Amino acid sequence: MSGGRHRRLLDRLSVRAKIATVVGALAVIAGAVVVPTAMTASADIVPQRQTIQGSDGKDYWVENHVDPSALKASQDAARGIGTRPEYLVVWAGDENVADTAVPQVKKLPGSLAKPLDTVRNAAPGPDFMAVIDATKGSPTYGKVVNTATVGPLVENEPHHMQYAWHKGNKIFAGGLFTAATYVFDVSKLPALGLSGISLPTQTACGSVPDAYWVTKDGNAYGTYMGGPIAPGPCRYTNGEVRSGNGFAGAPGEVVRFDPTGKKIVEAPAATTTPEDPKQCLNLPALSNPTCANPHGIQVREDLRTMVTSDYAEPRTIILDPVKAPSPNLRRTTVRTWDISDPDHPEVRSVKYLPVGPRSGAEDPLHNENRAVMETTVTNQPGNKGAFAMTMQGGAIYYTADMTAKDPVWREVYDLTAAVKQIDPKADTGSGLNGGWLQTSPDDKTLYHAVMGRQPGSLGKDDKGTAGGVIALDISKLVGAGVNATCSIETTAQETDPGPGCPTLRSALPINPGETAGGPHWGALDNLELGQDGFYRETENPTRLSTANYFVARTGLDGDHRVCMVDIAKDGDMSLDRDFKDEVTGEPCVDFNRANWPHGPFGNAKPHSQLFVTADGDIK
Amino acid sequence: MTLLIAGLLGLATVIALVGLIATSATPAVSPVVLSFVGSAAGVGPVLARVLLVVASALVAGPVLVGAPRVRVVAPAAGVAITAAAVTAGIGDAAWWAALAHAALVGAVLVLRSFPTAGRVASVLLTVAVAVEIAIVRWGAAMVLELLAAVVLVVALGLTVRASRYAVIASAAATALGVVLLVVEGPWTVSDLLGGTARGPVVLAQLLLPLLAGALSLAAAHTSGAGNASLLAPSDSSAPSSGGGTPATHDVVSLASGDSSDALPARGRATRRRELVRVAAGALGLGLAAVAVLGALPTSPQSPEPGRLLVRPVTVAGQSMALFVAPTAGGPTLIRLSSAPSDGPPSHSMGAMGGMHGGHDMPGAGWSIAAGGQDATFAPRDGAPGRWALLDVPADTRELTLTGPGGTATVPVVIGPTGPADPAVLAGPDGPECADALLGDLLGGGRGVACPSTALSPADARALTLAVTDLRGRGLPSLFLVGDDSPRSRAADALVRDTAARIGLPVSAAPTPDDGLLVTSGWAQARRTLTGTTEQATRTPTFTGGVFLAPWLLTSGVLSAGASTMLPLGFTPQEAEPRGYAALLTTISDDAAPSSSGYLAWAREQGRPDGDVRLFGAATIDVMPGMPGMNHGDRAGAWLPGGALVPMSGPLS
């Protein structure tokens, strides 16, 4: 077509027609241009990966997905209220086995609703550390600022970290199923670095890492609940030899790591002599029976003592659809360790917690002393006490002197005394599935998270209970020092412990009305803002955080929420409703969501958390 | 002007194609897998989509071909704009995109009086409709559907204009439909005629334009006194002169209401109008069929001799997967996956002796039949899902699956079974062989020999290295459990020979301090581990450890042991094995990956064997009594609810 005809055609178009044509063209371009919906992370999130080499020669990484707009908003907000940002760092596992990262089909008018999902040719979603704005008073309170994914290991089953973070500490975080310990550098929050990773081949005498305690030198102790990865004798770092029944069996161990995740020592939790074969069942049987499956761990460096609580052989062995495993697979023991030589911890005592007034042959699984999940130590110089709690037993135990060669542990509180404050319909604390246990830095309060009991746990008439957090006044108990006499020995004391025993200061139901819907884990906010604008440690936390982690029985979305709880001056706890989910606007941050900064990987399971600030914001 | 329109249309189509190809990724998976994947869109969104594209086509088509005054354009525009709003409102489309589409429809409506502007806008709307239809597809199907949509819109416009070119356009649409059928299937008569949802829709998109073409031809035949030629000049005074009523009367567009003809021609015009209407309706339905194709899974696999057949089946609303081993007639192994309502696979239980890899198998009461023979599905030790061994007559063309609530048929072909030995498939190692065939199929292979027919060099190496390493760790003695398969006998001989060389005693009868090494197939291994686990609760048993041959990596075996160790040439935790395992879940929810299946797939993908390492496996529950707290039963996991971790570096 000649230029002349072109001009004539165009001339014949009115201005209105030309404009309309251009508008129409733009409209179809807008309508027809495909906008990738894959990886619906914000377009401005630039993943930053840091890679290290593991002991197996392979690359391991952490990849930060800092949301710059969320970060800026968080920093602006903090400046606006005259503070520095504080974060909640949550160790979370991807929930779904077959997440896809294949680019999705785009949404257009008339195109079919859901993207052509389900071509699951990609690896499962990564586990990650979520960095949440925890700056009190900030308008971006509760916003997820970064998700730092780990790789290449997936399905780690993220579990616990240390109990509190202190300036300069690395974060040690374990993966149950990968038997790996990750060491994160948080000095440049909200970004995380990977300082190291310990692989199962490096800790051959144990398996199933659980919890950690970071000592003042920056090293850390970690509990490995399960037995040596190969059955038979295992030689530990300092020459000890113990025989185990294999991966995820018994006996477990304590491992000491340096800040790069390098193993300093593996120390046996089992003694050289057989432990009580009646109380310490092992499957398969061991010639030296042992209850050594350490789960909780806390340390008093000034007392050169470490305390670990034995929980259960983590291996699942269901022998019969009808017959439950023996209750004696769930431990009743607490170990104290001499850490005079920090790199050579040695078991000083193995104590069997006593049964209580509820205990009986008809339901040994729920004896008060059953399944010692967690332990916590007093903190103040001069106090030598330590606590332990039982998950199936629903009781709290105390020893006034953890340094003793033969410490005496007594039951000092039956959760029956508190359970009605959590669930008015409940009438026993038995089987309350308690988890997190933590003394306040001033040793006046003991905090405890309980998930609650599934219906039917105690029999067909058992309707179960809800869960929550309780705070016990332990000042009298601890204040009595080695003269503490509190001991729950009678039925009456189940609801009224008596003088000198802990008393209930506050109870906060979480998910009231939902049986077994309470939190499993928690963390105290041990940081406060000083007059100089920098954070520092505090002995009087004014809040704590809980991690709810359960899957609804219907199989629908469960409760994977991280909540914030305010602690008033009188110790009363209340849900901080300002700590809201940025998607739903509801209190608590919901880890059941479609999209994360690292992509549309769907629901995640938050298992543990810590209050942390960047190095430059704390003195 | 025609050239201009054609040029604009072609250019817009090319741009759209390039854009689509550039931004749509072809999933790198086997077509077999894609046949299990359908859109999650419900009836509502699909209906809205169909209304949107057909109504938009009725706006774009007539204006494009110079018949803007066709009465259907305005109401069709209203329907299209409403449908766009509905698709956005129900979340099927982004609001901005729905607005853009609606604006484009409005632009065509407003500009239709201006020939050039109207045609440009209608070209753009045509391409938009075609893109919206084709965008859910990829590859050749995407291109074909895009072209088919463009041609159908043009054909629709020409038909309502009652142009004789409508026949050619309809023929072109039919031809594209045939090509689509050839490229995308279904390829068997039974699938085409209703065995799948896709079959009738593909037929519709092919036959309806053919019908429309025939009707248009008939309509053309009834027009023009004394001139029924298809090639008679068309009405040249059509709206290209600027719109308004046609100057002549040979063109009778839909609902134009032009009745100024002389009385004898009125009857012909009415008949022609009816034929044109029906033809347009057929084309509209044809376009709807093309639009609906995107909501349907791709065509299922056609049976081929020597290849595992993997087909989606639906009975009484339950969708499952049926796996049929290659068959030459006679005993044929068939697996049926669990239905979604059956719940997750239950492999995490180390059942006591005699029990299978799950108790009270869900979905009981299913059977498969052919030619008067039938067999009931039941679980098999160590293997996922449920299995049947059906004696298939040599002249069988289809199998009939029967379950509570209904039946379904699946085409089969009898022929040579390829490398897989039918006797092995029919024996205790059949499930493992079927799994290897599945991995091979998904990797694009043409069949593999059953793994139990020979000890592979890789497995031999792994066993040798593992036994040597275990001796070095202090294993005092070994006890072997195998079976009669050639692989197991070869493994037994190899291990004994290796043990003799390194001074590791092999016990003739088990002693408590022995390590146990199992070199049998899945079923025997599961039974052995179940018995060993139970015995270990009463008395020290195999305290040296329990070791498995590499081919025993499957959850149905691992879950029967307390903890086990096995040498592997790949790391199940790595991305590729995890991806393979996840891929299986696209086919069935009870997928359980195995090393035999994965390695068959990996070999087809060209993946080399890796270093051999020793792995430890155990199911773990740190929150007993709290279901779902840690593991749950995850389909596709190598060991649901468990850990499978490397215990050693590369063995040498």
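Small disclaimer: the values here were computed from a predicted structure and weren't measured. Labels below follow one simple rule: chain letters A, B, ... track the order of the sequence lines, proteins then strands, and each chain is numbered from 1. Computation of the quantities below employed the complete heavy-atom set of this structure, encompassing side-chain atoms and omitting hydrogens, waters and symmetry-equivalent molecules.
- Heavy atoms of B:T571 lying under 4.5 Å from chain A belong exclusively to its side chain.
- At a cut-off of 3.5 Å, with distance as the only test, a side-chain donor of A:R315 or B:S563 sits close to an acceptor on the other residue.
- When all heavy atoms of B:I620 and A:L176 are compared, the pair lying nearest together is CD1-O, 4.1 Å.
- For CZ of A:R235, the number of neighbouring non-hydrogen atoms (other residues, nucleotides, ligands) closer than 6.0 Å is 12 at most.
- Neither the backbone nor the side chain of B:L51 comes within less than 4.5 Å of any heavy atom of chain A.
- No part of B:A88 comes within reach of chain A, as not one of its non-hydrogen atoms sits under 4.5 angstrom from that chain.
- B:A643 approaches A:F177 most closely through the heavy-atom pair CB-O, 3.0 Å.
- Interface remark: B:A102 contributes no atoms to any contact with chain A (heavy atom separation under 4.5 Å).
- For B:M647, the parts lying near chain A are the backbone and the side chain together; criterion is any non-hydrogen pair under 4.5 Å.
- At least one side-chain heavy atom of A:V154 sits under 4.5 Å from a side-chain heavy atom of B:R578.
- Between B:G544 and A:P231, the shortest heavy-atom contact is O-CG, 3.8 Å.
- A:A230 touches chain B through backbone and side chain together, each having a heavy atom under 4.5 Å away.
- Put simply, CZ on B:R613 and CG on A:D56 are 5.5 Å apart, with the number rounded to the nearest 0.5 Å.
- With a 4.5 angstrom heavy-atom cutoff, B:R538 does not touch chain A via any of its atoms.
- A distance of 11.5 Å separates OG1 of A:T178 from CG of B:L644, quoted to the nearest 0.5 Å.
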